[in-house]
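Everything numeric here is computed off the predicted structure, so don't read it as measured data. Each chain gets a letter, A, B and so on, in the order its sequence line appears, and its residues count up from 1.
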There are 4 protein chains.
Amino acid sequence: MPDSRRPRSGNRRDEAARLAVLHAADDLLVEHGFAALTVEAIARRAGVAKQTIYRWWPSKVEILLDTLIEDSAKRFPVPEGKATAEAIRGYLRAFARFLTRDPAGKVLLALLAQAQHDPATAESFRERYLGPRREQERALLTRATEAGEIAPRLGPDAALDALVGPLVYAALTGAAVPRGMVSALVEDVLKPALPAN
Amino acid sequence: MPDSRRPRSGNRRDEAARLAVLHAADDLLVEHGFAALTVEAIARRAGVAKQTIYRWWPSKVEILLDTLIEDSAKRFPVPEGKATAEAIRGYLRAFARFLTRDPAGKVLLALLAQAQHDPATAESFRERYLGPRREQERALLTRATEAGEIAPRLGPDAALDALVGPLVYAALTGAAVPRGMVSALVEDVLKPALPAN
Amino acid sequence: MPDSRRPRSGNRRDEAARLAVLHAADDLLVEHGFAALTVEAIARRAGVAKQTIYRWWPSKVEILLDTLIEDSAKRFPVPEGKATAEAIRGYLRAFARFLTRDPAGKVLLALLAQAQHDPATAESFRERYLGPRREQERALLTRATEAGEIAPRLGPDAALDALVGPLVYAALTGAAVPRGMVSALVEDVLKPALPAN
Amino acid sequence: MPDSRRPRSGNRRDEAARLAVLHAADDLLVEHGFAALTVEAIARRAGVAKQTIYRWWPSKVEILLDTLIEDSAKRFPVPEGKATAEAIRGYLRAFARFLTRDPAGKVLLALLAQAQHDPATAESFRERYLGPRREQERALLTRATEAGEIAPRLGPDAALDALVGPLVYAALTGAAVPRGMVSALVEDVLKPALPAN
DNA sequence: TAGTAAGCGAGACGGTACGTCTCGTCTTTCT
DNA sequence: AGAAAGACGAGACGTACCGTCTCGCTTACTA
C-alpha cells in the first residue's frame with residue numbers, strides 16, 4: 001500500500017498531477033472564464049509546477065481539449081445503432097442540454113472561440129474534436145437517410161451545420177434555446193416538403 | 001466656412017487619429033489574427049500614442065466594434081422596405097458573403113469569439129451590435145409573415161437563429177457555405193409544410 | 001478700475017497668474033515634496049493652463065528659483081555695511097534658521113538636489129543664485145579680513161564652503177544643527193590660532 | 001567541491017544578472033546622469049528583464065545604494081586601528097578624492113540629492129549608508145580624542161559634519177576642493193586653540 | 001543493493017503587453 | 001496677443017504571464 005500522505009513523484013507520470021491539472025483548468029474556466037485561465041493559475045490551483053504542465057501539454061488549449069473529449073463522449077455520445085429520426089432528435093437535445101446547462105459546455109464554446117484567435121487551436125480543435133465527431137454524425141445521418149427515416153434537402157455536412165449551427169449560435173450569443181426548437185429543426189431540415197420546390 | 005483640410009485639430013478630437021486607429025486595428029486583425037492585436041501594436045501601426053487610444057476606447061474590443069458597426073451597415077444592411085422572401089434571401093446571401101469573403105467578416109467572428117472569453121465584450125457586443133441588428137431583422141420577418149410571404153414554424157428569434165446560426169457556425173469551423181444553402185434554409189425554416197405536422 | 005470679478009487675460013502678462021504659479025509651486029513642494037511637483041500639478045493647483053506656465057518659465061526649476069531668490073533676499077540678506085565677526089555670525093545664524101525652520105528652505109535644498117540630476121538646473125542655479133550670493137559673501141569676508149576682524153587660514157571661497165558646507169550638509173542629511181555650531185565654526189575657521197602651524 | 005564556473009544557477013539568484021544590473025546602473029549614472037537612469041534603461045543595458053530588477057530591488061535607488069556601499073568600503077574605508085590625526089587626514093583625503101575624482105562619487109551625490117526628493121530614499125540612505133559609516137567615523141574621532149591626538153571644540157557628530165560638510169558642499173556646487181583644504185579643516189576643527197576662547 | 005534516470009515542486013530568467021502617468025508641444029476659442 | 005482647455009506623440013512606470021531553464025528531491029527500474 002502506497003503512503004497515502006504523499007505518493008508523489010517517482011520516475012513515471014504522476015496520475016494525480018494529471019487529474020489535478022485537468023480539474024483545475026475546468027474549474028477555473030467555469031469559475032472565472034477563459035481570460036483567467038492562465039497556465040500559472042492552473043499550476044497554482046492544481047498545486048503543480050508550471051513545468052509539469054508544459055512537459056505534458058503543449059498549451060492550455062490541449063488541456064481543455066482533453067477534458068472536452070472525455071466529457072462529450074460521456075454526456076452526448078453519437079448514437080451508434082438505431083438511426084431513427086427520434087435518435088437524432090435525442091442526440092440534438094442532449095447536445096443542446098450540454099451547451100446550455102452543463103458547465104463543461106463552456107469548454108466547447110471557449111475552444112470554438114479560441115480557434116478564431118489562434119490557428120493552432122483551430123487545427124487541433126478540428127483534428128481532435130470536430131472532425132471525429134462530424135464523421136460519426138455524418139454516418140448517423142447517412143444511415144437514417146438510407147433507412148427512409150429522413151430526406152434532407154441538403155447534403156449531410158450542410159444539414160448537420162443547419163441542425164447544430166442554430167444551437168451553437170444561440171449559446172454563443174447567450175440566447176435561450178426555446179422549447180421545441182430541436183423538433184422544429186429536425187422537421188424542417190431533415191423532412192422538408194420536397195414536392196413544394 | 002471651416003477650412004476642410006484642417007491637419008490637426010487643437011483641443012478637439014483628432015479625426016485622422018481616429019481613422020488611423022480603426023484601420024490599423026482592422027488591418028492587424030486580418031493580417032496577423034486577434035492574438036497579435038495588442039493595443040501597443042495598433043498604436044505603433046497607426047502612428048499614434050497609446051494614450052490616445054485609451055482616451056477614446058476602453059478596450060481594443062470597442063475599436064473592433066466601431067469598425068464592425070460601420071462595415072456591417074455598408075455591406076449588408078437589413079432591408080427596410082420590401083419584406084419579400086426574396087429580400088430575406090438576398091440579405092442572408094450578403095451576410096454569408098460578408099462572413100466568408102470579406103476581410104471585415106473576420107471582425108465579427110473575432111468579437112463573437114472574444115465575447116465567450118470576456119463578459120464585458122459579450123455585453124458590449126450584444127448591446128451595440130447583435131441587439132440592434134436583431135431588432136431590424138425581427139421586424140423584417142414579422143412584416144414578411146404578415147404579408148403572407150413566409151410562414152415560419154418557429155418564433156421570429158428562433159427562426160433567425162435557425163437561419164443565421166448555420167452560416168456563422170460554418171464560418172467558425174472553417175467550413176464552406178455550399179451553394180444553395182441559403183435558399184434551402186429559407187425554404188425549410190421559413191416555408192415549412194405546416195399541414196404535414 | 002478693473003472688473004474685480006474677473007480681470008483675467010487680455011494681451012498683457014497676467015500678474016495674478018504669475019503669482020498663483022509661484023505660490024502653487026511653493027506650496028506643493030512643501031506639502032508633497034519635489035516628486036509631486038509636476039507642471040501639471042502646479043497648473044491644476046494654480047488654476048492656470050499648462051501652456052501659461054511653459055510660456056513664461058522654461059521649466060519648473062526656474063519657477064522655484066524665482067521664489068527662492070525673492071525669499072532669500074528677504075530672510076537672510078548678506079550684510080552690506082558692517083563687516084564684523086558678529087555680522088558674519090548673524091548672517092550664518094539666519095541662513096541656518098532658513099535651512100532648518102523655514103518652509104522655503106526646502107526650496108534651496110530641492111534645487112541643490114535637482115542640480116545633481118540635471119546639468120541645466122546646475123547651470124541656472126549657479127548662475128542665478130549661488131554665484132550672485134557668493135559674490136556678496138566673498139566681499140563681506142574680504143572686508144572683514146581687511147578690517148582685522150578675522151584671519152582665515154583658507155581663501156575666501158574655501159572659507160565660505162567651510163562655513164556654509166556643514167550647515168547645508170546637516171540639513172541634507174536631516175541632522176539638527178546643534179546650538180553653538182555656528183559660533184564654533186566662525187571661531188575655528190575664521191580665527192584660527194595661526195602661530196600654531 | 002562545488003563547480004565554481006556554474007553559468008546559471010537554476011532556481012537560485014543569478015549572480016551574473018546581479019552584477020550586470022549594478023554595473024549598468026553605475027555606468028548609466030556616470031554617462032548620462034540620474035535623469036536618464038530609468039529602470040527600463042538599466043534593464044536594457046544590463047541585458048536583463050525588467051522583472052528581474054523588480055524581483056530583487058524595490059527601486060533604482062536601492063541598486064545605487066548597493067553599488068555605493070561596496071565601492072565606499074573599497075575606496076575609503078574608515079581607519080580601524082590607528083586613531084591619529086594623520087589617519088583622519090588620510091581618510092578625509094580619500095573621501096575628497098572619491099567625491100571629486102572617482103566616477104562612483106557621483107553615486108553618493110545622486111543619492112544624497114534623491115534623498116531630498118523622496119522620503120523613502122532618505123530613509124534608506126540614512127539607514128544603510130550614512131548611519132553605519134557615521135558610527136565608524138564617530139568611533140574613530142572618539143578614540144583619537146581619548147588618545148590626545150585631537151581636541152575638537154564640537155561634539156563628534158557636529159565635528160564630522162564640519163569636516164565632511166565642506167567637501168560634500170563643494171562637490172555639490174561643482175567647486176574644486178583646493179589643495180590644503182583637508183589639512184586646514186583638520187587643524188581648525190579638530191585642534192582649535194581652545195585656551196584662546 | 002546500489003546506481004541512474006525520469007518526474008516533480010519550486011522558482012529565476014529574458015521577454016512582451018498591460019493600463020496609467022506625466023512630459024512638453026500644439027491648436028482652438030474666448031477675452 | 002494672452003490665457004484656459006485639453007488632445008496629442010512619446011516613453012517610463014510597476015505588474016502579470018509567457019515559455020524555458022536549472023535546482024534538489026523522490027521514486028522505480030536496472031545492473
Side-chain angles (χ1 to χ4, degrees), chain A residues 2-3 6-14 16-18 36-44 46-56 58-60, chain B residues 2 6-14 16-18 36-44 46-56 58-60, chain C residues 3 6-14 16-17 36 38-41 43 46-56 58-60, chain D residues 6-14 16-18 36-44 46-56 58-60:
Chain A
D3 186 346
R6 187 107 132 170
R8 155 175 156 240
S9 201
N11 75 354
R12 264 213 246 307
R13 178 163 189 182
D14 183 343
R18 188 185 137 262
L37 192 75
T38 68
V39 173
E40 304 231 314
I42 297 172
R44 219 144 44 216
V48 138
K50 231 182 353 163
Q51 186 55 43
T52 298
I53 296 183
Y54 283 110
R55 199 180 346 262
W56 300 108
S59 74
K60 65 185 176 187
Chain B
R6 173 159 43 94
R8 264 194 39 224
S9 43
N11 75 356
R12 283 220 218 307
R13 179 166 190 180
D14 183 343
R18 189 186 137 261
L37 191 74
T38 68
V39 173
E40 304 228 314
I42 297 172
R44 220 145 42 216
V48 139
K50 229 178 359 160
Q51 186 56 47
T52 296
I53 295 183
Y54 283 109
R55 196 174 358 255
W56 300 108
S59 74
K60 64 186 175 185
Chain C
D3 186 345
R6 184 103 138 176
R8 155 175 156 241
S9 199
N11 75 356
R12 262 208 251 310
R13 178 165 190 182
D14 183 342
T38 67
V39 173
E40 305 230 313
V48 139
K50 231 177 1 160
Q51 186 55 42
T52 299
I53 296 183
Y54 283 111
R55 201 183 339 266
W56 300 107
S59 73
K60 65 186 177 187
Chain D
R6 174 159 43 92
R8 274 221 358 248
S9 42
N11 75 358
R12 286 223 216 303
R13 180 165 188 180
D14 184 342
R18 188 186 137 261
L37 192 73
T38 66
V39 173
E40 302 230 316
I42 297 173
R44 221 146 39 214
V48 139
K50 228 178 359 160
Q51 186 56 49
T52 296
I53 296 184
Y54 284 110
R55 195 174 359 255
W56 299 108
S59 73
K60 64 187 177 185

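Atom CZ of A:R13 is separated from atom P of E:dA5 by 23 Å (rounded to the nearest Å). Protein atom CD of C:E40 is 15 Å distant from nucleotide atom P of F:dC8, rounded to whole Å. One interatomic measurement links the two molecules: CG of D:D14 to P of F:dT22, which rounds to 11 Å at whole-angstrom precision. Between D:R18 atom CZ and E:dC13 atom P there is a gap of 12 Å when expressed in whole angstrom units. Rounded to an integer number of Å, the gap from CD of D:Q51 to P of F:dC13 is 13 Å. Rounded to whole Å, atom C1' of F:dA16 lies 15 Å from atom CD1 of A:I42. Summarising the geometry, the separation between CD1 on D:I53 and C1' on E:dA12 is reported as 14 Å, rounded to the nearest angstrom.
Close to E:dA12, at under 4.0 Å from its OP1 or OP2, lies no side-chain N or O of D:W56. Residue C:R55 places at least one side-chain N or O under 4.0 Å from the OP1 or OP2 atom of F:dA3. Contact between the side-chain N/O atoms of B:T52 and the OP1/OP2 oxygens of F:dA7 is not found at any separation under 4.0 Å. For F:dG24, the OP1/OP2 oxygens have a side-chain nitrogen or oxygen of D:R12 closer than 4.0 Å.
Taking every heavy atom of both residues into account, B:V39 and B:K60 meet most closely at CG2-CB, 4.4 Å. The heavy-atom pair separating B:T52 from B:A17 by the smallest distance is CG2-CB, 4.5 Å.
The listed nucleotides are E:dT22, E:dT20, F:dG19; the one nearest the side chain of B:K50 is E:dT20. Checking E:dT25, E:dC13, F:dG19 against the side-chain heavy atoms of C:Y54 singles out E:dT25 as nearest.
Toward the 5' end of DNA chain F, the nearer of the two residues D:V39 and C:A49, judged by each one's closest nucleotide, is C:A49. Residues A:P58 and B:A46 both approach DNA chain F. Their nearest nucleotides, taken by heavy-atom distance, put B:A46 toward the 5′ side. Both D:V48 and C:S59 lie near DNA chain E, and the one whose nearest nucleotide falls closer to the 5' end is D:V48.
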Begin with the C-alpha distance, continue with both residues' side-chain angles, and end with the deciding distance and a verdict on side-chain contact (heavy atoms from CB on, under 4.5 Å) for B:R18 and B:W56.
CA-CA 9 Å; B:R18 189 186 137 261; B:W56 300 108; over 6 Å; no

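For C:E40, the side-chain hydrogen bond (donor to acceptor under 3.5 Å, both in side chains) partners at least two apart in sequence or on another chain are C:K50. With sequence neighbours excluded, the residues that form a side chain to side chain contact (heavy atoms under 4.5 Å, CB included) with B:A41 are B:L28, B:T38, B:R44.
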